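The block underneath contains the structure these notes are about, expressed in structure tokens.
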Amino acid sequence: MALLKIAKLTKEFGGLKAVSNFNMEINRGELIGLIGPNGAGKTTAFNLITGVYEPTSGQMDFDGKSLIGLKPYQVTQRGIARTFQNIRLFADLSVLDNVKIAYHFHVKYGVAESVLRMGRYYPEEDEIEAKALECLKMFKLDDRRDEIARNLPYGEQRRLEIARALAAQPQLLLLDEPAAGMNPQETHELMEMIRWIRDELKLTILLIEHDMSLVMGVCERIYVLDYGSIIAEGTPAEIRSNPQVIEAYLGEEVN
Amino acid sequence: MRAKMKRDLTGLAGAVALYAVAFGLMEIDLIGAFWQLNIVLICINIILAVSLNLITGFTGQFSIGHAGFMAVGAYLSAVMTVKLGLPFAVAILAGAIGAAILGFAIGLPTLRLQGDYLAIATLGLGEIIRITILNIPYVGGASGLMGIPRYTTFTWAFFAMVLTVFFIKNFINSSHGRACISIRENEIAAEAMGVDTTKYKVLAFTIGAAFAGVAGGLFSHYFYIAHPASFTFMKSFDILTMVVLGGMGSITGSITSAILLTFISAALSSYPEWRMVIYSLLLIVLMIYRPQGLFGNKELSLKAFGRLGGGGQRGTAQNR
Amino acid sequence: MLKVENINVYYGAIHALKGISVEVNAGEIVTLIGANGAGKSTILRTISGLLRAKTGDISFEGHSIANMAAEEIVRKGISQVPEGRRIFANMTVSENLEMGAYIRSDKSGIRKDIDKVFERFPRLGERRTQVAGTLSGGEQQMLAIGRGLMSQPKLMLLDEPSMGLAPLLVKEIFSIIQEINAGGTTILLVEQNAHMALSIAHKAYVLETGRITLSGTAKELSESEAVRKAYLGG
Amino acid sequence: GGEKKQADVIKIGADLEMTGGNATFGQSAANGAKLAIKEVNAKGGVLGKQLTLIVADNKSEAAEAANAMQKLVTQDKVVAVIAPIASSSVMAAAPINQQAKVLAISPTAANPKVTVDPDTKKVRDFVFRAAFIDPFQGAVMANFASRSLKAKTAAIYIDNSSDYAKGLAEFFEETFVKNGGKIVAKEAYLQKDTDFKATLTKIKGQNPDVLFVPGYYQEVGLIARQAREMGMKLPMLGGDGWDSAKLAEIATPAAINNGFFSNHYSPDEKSAAVTTFVEAYKKEYNSVPDAFAALSYDATTMIIEAMKKANSADPVKIKDELAKTKNFAAVSGSITFNETHDPVKSAVIIEMKDGKQTFREKVNP
Amino acid sequence: MDSSSLTQQFFQQLINGVSLGSIYALIALGYTMVYGIMRLINFAHGDIYMLGAYAGYFATTYFKMSLVPAMLFSMAVAAITGMLIERLAYRPLRSAPKIAILITAIGVSLLLEYGGILLVTPQPRTFPNLFSTTTFNFLGLVVNSQQIIILAISVGLMVLLTYVVNHTKVGKAMRAVSFDTDAARLMGINVDRIISFTFAIGSGLAAAAGVLVGIYYNSIDPLMGIMPGLKAFVAAVLGGIGVIPGAMVGGILLGVIEALVSGFLSSTFRDAAAFIILIVILLFRPAGLFGKNIREKV
Ligand SMILES: Nc1ncnc2c1ncn2[C@@H]1O[C@H](COP(=O)(O)OP(=O)(O)OP(=O)(O)O)[C@@H](O)[C@H]1O
Ligand SMILES: Nc1ncnc2c1ncn2[C@@H]1O[C@H](COP(=O)(O)OP(=O)(O)OP(=O)(O)O)[C@@H](O)[C@H]1O
Ligand SMILES: [Mg+2]
Ligand SMILES: [Mg+2]
């Protein structure tokens, strides 16, 4: 059974159909790319999946259950985490705190326990701290744990955002242009990391990206969106040679 | 022993020591009645400032209606003692619960509003509460509720203050507190991290209101009277000023500025014509020189003492 | 045309630019490349007058502009397309373009130039009355470039114009930059996409943590081993 | 060393509304008290010493009033205090006076509970007032309405932010109803309101014989003007809060015609005390004194008088003498304190005629 | 009471409400203007209104000016004061957190109020009557000429301001500055000058309101700005803060609500009712009646 199944999803803004009749199926463990010209509706699709916008019509099922009508935090609690096209860190908090917040909804101790520092408070806090550090280590950010997030260089902020999303322990990870603002060298490192995350954590990943070296390099399957609708779907090789995609998006064949 | 627990215990021990010293000085009359009164007032103001800091400083929800919750606590607890003859502790608890319930009921719908819109809505709520009280003859209406016994002592005020500070400090340093802070930092990202933002906003609002209720109860049982004029929006502004001046999201900041402002106000009462002019100039100058508040969002600790003079340089990483 | 001499710039205590000198001649495309946080945007912001250099001088067409207000510098003929677009999200596409022409007062000329922008970016033409904040990332980038052109600058500073754009558009943007340059506008370009940047530039500087480490013609640099390794992905 | 210095001057405190909503009244009262002190100092002071007035601001808030009182009695060690304007503030401060044994006399606090502890029903021996109490003034005006004006119906328009006004309204209603009248409308406004037309329209719809507005002159002036503009010609009544030259200015002389209020004295039967006070005040402050200034002036002179009689600056002795005050010729009439520390003095009813206060009738307590 | 007098009362209350509301609107226009550009709740606005009233008062009583010169004088005094306040108290905080500027604004407000008390005493003053009032009576309804003039002036100013902000170059520059000051600088806009200009206009408007209200109610005092300032702020929020026609509609609406509540329910709940309605409207339209709820694009 598909992990995420989207059928006939449509979103209108005023008269504009930002996403129309969007269909997508993602299986567990896949690494999927979503590409398309600027303004095609890719970010909007992410926003629909994560409950930021409510769809005008259509269905979305995650793990067999509908996502329609859920609030963003409920979607996250179901197991979908995301990053944002324009970085949204908790800018004045430390790197460690940024990640700790993502464990929030797994915490079981109540307000009384936290105020009285009793019961599950200490054990769970220790556990969160350990897990958060482990997560930071994975992204080579552990030596930056006490740094204020806004002071990190751009590339590290991007990495922190991914780390934070992973800390929410999702089954499906949505990445919106993770390589934006990175130079080719940094993009290459990111690519390695995405692959490693998927294999190591057994995650399913859906990513939006304009950097074809990354998309073609890691994705197993690619959806192409134009004017809100899917115009092509297939393996990198298929997409690369699809005339419609070349016409609308790539411009010429990419090697 | 855990570091956190150790720090808590040292803090508590410090508080008890402070209490003992102050109490001793009062007993031997080295601290006279006037300063004794102002010390009680400082304790009450600390409760108000720290509780509003939870709402505005930590959770980022701009509220200018705190005096309304204080009024609820003041009146409700006074009704308990004056009209129903219940013990003071019960009265304070009732004031806190009453304010909390109201905070919850009001917060649930209004906290959907953002920024300045929330500000004006909370200001309006504070005024609605006050006007409602003004029109209830049972509690004296415009004349206020009189004949309230002075049950509030320095001991009561001090330990209520310590309780408030510890409650809110511990709350903030938990996963629940971090959820609140994440809302302040970036609401959209907080939701994306699975934080039920509505729930935590309402929770912060409710807790803040409850402590404002406690402060109100202490207040009315210290000054013999609960009077609507004590709870106008100007009072809410005063509390907000303490929070902002101390630093949004700094408990020690709130404490410091509550002490400072109460002290300044007391000291200036000998210059009645100039009092507000000096006070307002001071406010403007302080804000211009320290727009992020005295302590920014940092906590004052012995460790940080040395660095404090260095100013509000962002980025000197500091764990709280 | 533009001469940046030995400037030092600080953010509070952070020493962001350490004795930077850059020279741009009329008619050139000059590119600045460097890793994240190297200080590229800081250079552009200092030239535009949004930041002040503590020491050093900046001169444009022979006159010092180092202590001029940002709005004066625009009048001198330097416009900037800032990093992250910074379009006026609460205004329509057309109004954004009008703001770009704020220093001008020839109404008919402005009209014409707006139409020219719509010709160059038909997508913007379709959305001329849409509130700019709801445009997609790429559309916003086009708008920012269009807006930068509206002041008819002699020198245009572009800060990562290709960020977040689709491949087709990246190529388009770079050819537009070349076109603009061919039309007589001098260009100082900051880019992550070093490949593309070097392919259209005449001259290039490499920036590392606030210092210029390499400079030369674009050709020289794209052949340099160090640059290939660090910025061109091997 | 403080004791020595203290010996040269005698300090009197004033716990007044210098800022906040009642600043207008508090500052008038402070001026009245200052004038009294200045005059007595010019005549060589009391007991061979000069007097100083220490004013403490209570921000028009009850709690702050207690704070200010505490400061005056413990820090400044004053021998007597001019207490706040508002009854609620005096009540918040009164326990401090009782405990410190320093008398407080409020120029205006009119609520009966000010001098009588509502819990114990005992008189607070250190708390006095210079003004009428609410029941008296309210009853005077109600009787005037039903007897002299033959009113059968009345509307009451109360300043809801003032306990003074509420007290007056309460006792007006009580007496008026006892006289067989009917209250057809009871409305309220707040201090600093400026537009009263909506409520006046409503009152007009009830068509009452008289309108009782027991507030202060600033709002009353506006109410009178707007009422006349709305075509309401009925008589308007009020209490001593109306007493100011500003009333007719704000209302316009024509609009305040057919307006009556109870006061302590009448300009028509001006005593020497009144004229000299008004002259001196005008000279000092370049403005006409209102009731607050007059009453606070009286409160201060009564303290001074008591001090002279006691021949001592001992607070308790001053208090004892003050309580014995009898037929003291004050600006606001001849004052005798009764057993509850309320001044027993006759009231006059003033009628406004083309902007002038004229004597209408005298009412004895 | 019969129903015809009830309808008559209703219409009279509408008139009362609209006239009160037009005063709120007049003050709210300046409020919303400054907010629209600076995103700053300028709590001192009500006090500038007071200052304007006093300037008009002194102009007419001491300098014996007639209405129009007095009004212009008062607007000029307020405009200069407004610019000075901006220069000294708000500009140093341009990049500071918004809430810090809010506290400063409260400080400025207190300074104007109590500085005013110090300078002119707290006693109310009566404004000379500068234009004669004619009272119109038809079908038992009462309106006076001043009410009509105030309404006309607020509507006129609203139209003028809307035009300025939406269609003139300086208006667009104001909007650009309000959104992103640095980007506005890069367009060649002198940000400081635009903000000064905005304050001058806003303060001038407040002063005009102060003079008109001074004449209308005939009584001014140093604390007169607090309540109208607050009410005007409520009006501005009701209409959608930053939206100029919104301030007008918000003001009138608030006035009418207050009149109807005082007239048909209870005057004691007038202010509470106004706030309750404000909150209810905000719950359904979180950015006010005309405000666009621009959710940040994610
Ligand atoms: N809140 C909104 N209101 C109106 N239109 C919107 C809104 N959000 C997005 N749009 C429009 O929907 C379309 C799709 O936008 P979206 O952000 O999804 O594009 P995208 O595919 O992510 O593009 P890019 O690669 O440039 O980020 C755009 O034309 C945009 O203008
Ligand atoms: N407002 C600021 N306050 C403090 N430090 C800053 C600020 N802006 C930039 N910096 C720091 O200055 C240095 C240079 O930043 P700059 O933005 O110029 O880099 P850049 O080369 O443009 O990088 P990028 O490729 O990420 O845009 C960085 O270390 C950055 O963290
Ligand atoms: Mg996108
Ligand atoms: Mg940059």
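Lettering of chains follows the sequences in order, A, B, ..., and the numbering in each one begins at 1. Because the structure is a prediction, the values reported are computed rather than measured.
Of the listed residues (Thr198(B), Asn170(B), Val195(B), Ile207(B)), the one with the most heavy-atom contacts under 4.5 Å to chain A is Asn170(B). Interface remark: of the candidates Gln77(A), Lys100(A), His106(A), Lys100(A) forms the most heavy-atom pairs closer than 4.5 Å to chain B. When the candidates Ala167(A), Ala165(A), Gly110(A) are compared by the number of heavy-atom contacts under 4.5 Å with chain B, Gly110(A) comes out ahead.
Looking at Thr43(A) and Gln85(A), their side chains do bring a donor and an acceptor atom within 3.5 Å of each other. Side-chain contact annotation: Arg28(A) with Gln171(A), donor-acceptor N/O pair under 3.5 Å present.
Using a 4.5 Å cut-off between heavy atoms, Val111(A) contacts chain B through both its backbone and its side chain. At a 4.5 Å heavy-atom cutoff, the contact between Leu89(A) and chain B is made by backbone atoms alone. Only the side chain of Leu203(B) comes within contact range of chain A, with heavy atoms under 4.5 Å apart. Both the backbone and the side chain of Arg164(A) come within contact range of chain B, judged by heavy atoms closer than 4.5 Å.
Ring pair Tyr73(A)/Phe105(A): centre-to-centre distance not below 6.0 Å. Residues Tyr223(A) and Phe22(A) keep their aromatic ring centres 6.0 Å or farther apart. In this structure, Phe211(B) has its ring center closer than 6.0 angstrom to the ring center of Phe167(B). For His176(B) and Tyr121(A), the gap between ring centers reaches or exceeds 6.0 Å.
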